[in-house]
Amino acid sequence: MLLAQLRPVHGDLMFHQSGGCCDGSSPMCYPQGDFLLGDADVHLGDLVVVPDDGGPGESDGARSFTVPVWMSRAQFEYWKHTHLTIDVVPGRGAGFSVEAPEGVRFMIRSRLLTDDEWAALGALARP
């Protein structure tokens, strides 16, 4: 719901998982293109956001949008064996992340991949 609220204000959004400097290890949310990406960044995937406003109008599919999630390649080497969840919790947001004025912050939660999940990822990587 937060991403759906932020999008009309900031436009298309993206996440970049911080490496633990000034804002700790927070997933930072930026307007698309405001964080410059390069060869040292890995695209982890896209969050598919389906707004749930309960109002009449377009179907969920027509209103859905994606938010790409990126991480530095060096950071990815540490986290590649984990399942990551971007959550929203009450508290002061990171200074550069668009949710900062909202009284909430994005937070990363992680758990180790199971053996089956790890094997499935390996199968996806094979040609």
Side-chain angles (χ1 to χ4, degrees):
M1 288 176 27
L2 179 60
L3 291 171
Q5 293 169 355
L6 293 170
R7 188 171 185 236
V9 176
H10 301 283
D12 290 339
L13 301 168
M14 65 177 284
F15 276 104
H16 192 275
Q17 174 60 44
S18 169
C21 179
C22 303
D23 289 309
S25 292
S26 298
M28 304 289 284
C29 186
Y30 300 99
Q32 185 77 274
D34 275 14
F35 186 89
L36 298 179
L37 299 165
D39 292 339
D41 295 297
V42 175
H43 179 225
L44 300 180
D46 296 324
L47 300 177
V48 177
V49 180
V50 180
D52 182 21
D53 59 13
E58 303 174 56
S59 69
D60 285 344
R63 294 181 299 130
S64 67
F65 60 94
T66 59
V67 179
V69 180
W70 295 84
M71 178 182 285
S72 72
R73 190 171 306 284
Q75 186 77 3
F76 177 71
E77 285 304 311
Y78 291 109
W79 291 48
K80 66 184 177 184
H81 60 284
T82 61
H83 177 274
L84 301 176
T85 300
I86 297 176
D87 200 357
V88 179
V89 296
R92 183 176 176 273
F96 300 110
S97 196
V98 296
E99 85 284 1
E102 305 299 323
V104 295
R105 64 186 181 95
F106 290 110
M107 183 173 110
I108 201 81
R109 297 186 190 274
S110 65
R111 66 165 174 79
L112 291 175
L113 294 171
T114 66
D115 291 341
D116 289 343
E117 289 169 329
W118 188 250
L121 285 175
L124 288 173
R126 288 185 222 120

(Q) Assess the residue pair Arg7 and Asp12 against the criterion (side-chain contact (heavy atoms from CB on, under 4.5 Å)); give the C-alpha distance rounded to whole Å, side-chain angles, the decisive distance to 0.1 Å, and a yes or no. (A) CA-CA 6 Å; Arg7 188 171 185 236; Asp12 290 339; 3.0 Å; yes
Q) Could you go step by step and tell me if Leu44 and Trp79 meet the side-chain contact (heavy atoms from CB on, under 4.5 Å) rule? A) CA-CA 11 Å; Leu44 300 180; Trp79 291 48; over 6 Å; no
Q.
With side-chain contact (heavy atoms from CB on, under 4.5 Å) as the criterion, how do Thr85 and Ile108 come out once you've worked through the C-alpha distance, each side chain's angles and the decisive distance to 0.1 Å?
A. CA-CA 6 Å; Thr85 300; Ile108 201 81; over 6 Å; no
(Q) Applying side-chain contact (heavy atoms from CB on, under 4.5 Å) to Leu37 and Met14, what does each step give before you reach the verdict? (A) CA-CA 11 Å; Leu37 299 165; Met14 65 177 284; 3.9 Å; yes
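The NZ atom of Lys80 sits 11.5 Å away from the CG atom of Leu113 when rounded to the nearest 0.5 Å. Atom-to-atom distance recorded for Phe65:CZ and Leu47:CG is 9.5 Å, nearest 0.5 angstrom. For the atom pair Thr66 OG1 and Leu13 CG, the distance stands at 10.0 Å (nearest 0.5 Å). Put simply, CD on Glu77 and CE on Met71 are 11.0 Å apart, with the number rounded to the nearest 0.5 Å. Rounded to the nearest 0.5 angstrom, Met28 CE and Phe106 CZ are separated by 11.0 Å. Here the CZ atom belonging to Phe76 is positioned 10.5 Å from the NE2 atom belonging to His81, to the nearest 0.5 angstrom.
Checking each of Phe15, Phe96, Phe35 against Tyr30 for a ring-ring contact (aromatic ring centres under 6.0 Å, His included) leaves exactly one that passes, namely Phe35.
For the residue pair Gln32 and Pro68, the shortest heavy atom distance occurs at NE2-CG, 3.5 Å. Closest non-hydrogen pair, Leu36 versus Gly33, comes out as CD2-O, 4.1 Å. Closest non-hydrogen pair, Val69 versus Asp46, comes out as N-OD1, 4.4 Å. In this structure, Leu84 and Ser110 approach most closely via the heavy-atom pair CD2-CB, 3.6 Å.
Val104 and Val9 fall into different hydrophobic clusters, defined by Ile, Leu, Val, Met, Phe, Trp and Tyr side-chain heavy atoms under 4.5 Å apart, directly or through other members. Residues Met107 and Ile86 are members of separate hydrophobic clusters, defined by side-chain heavy-atom contacts under 4.5 angstrom among Ile, Leu, Val, Met, Phe, Trp and Tyr.
Taking the side-chain hydrogen bond (donor to acceptor under 3.5 Å, both in side chains) definition, one finds that Glu102 meets it with nothing, sequence neighbours left out. With sequence neighbours left out, the salt bridge (Lys or Arg N to Asp or Glu O under 4.0 Å) criterion links Arg73 to no other residue.
The shortest side-chain heavy-atom distance between Leu2 and Glu99 falls under the 4.5 Å cut-off.
A donor-acceptor pair under 3.5 Å is formed between the side chain of Arg63 and the backbone N or O of Pro51. The backbone N or O of Cys29 lies less than 3.5 Å from a partner atom in the side chain of Ser97, making a donor-acceptor pair.
Under the 30°/60° scheme for interplanar angles, the aromatic rings of His43 and Trp70 are found to be tilted.
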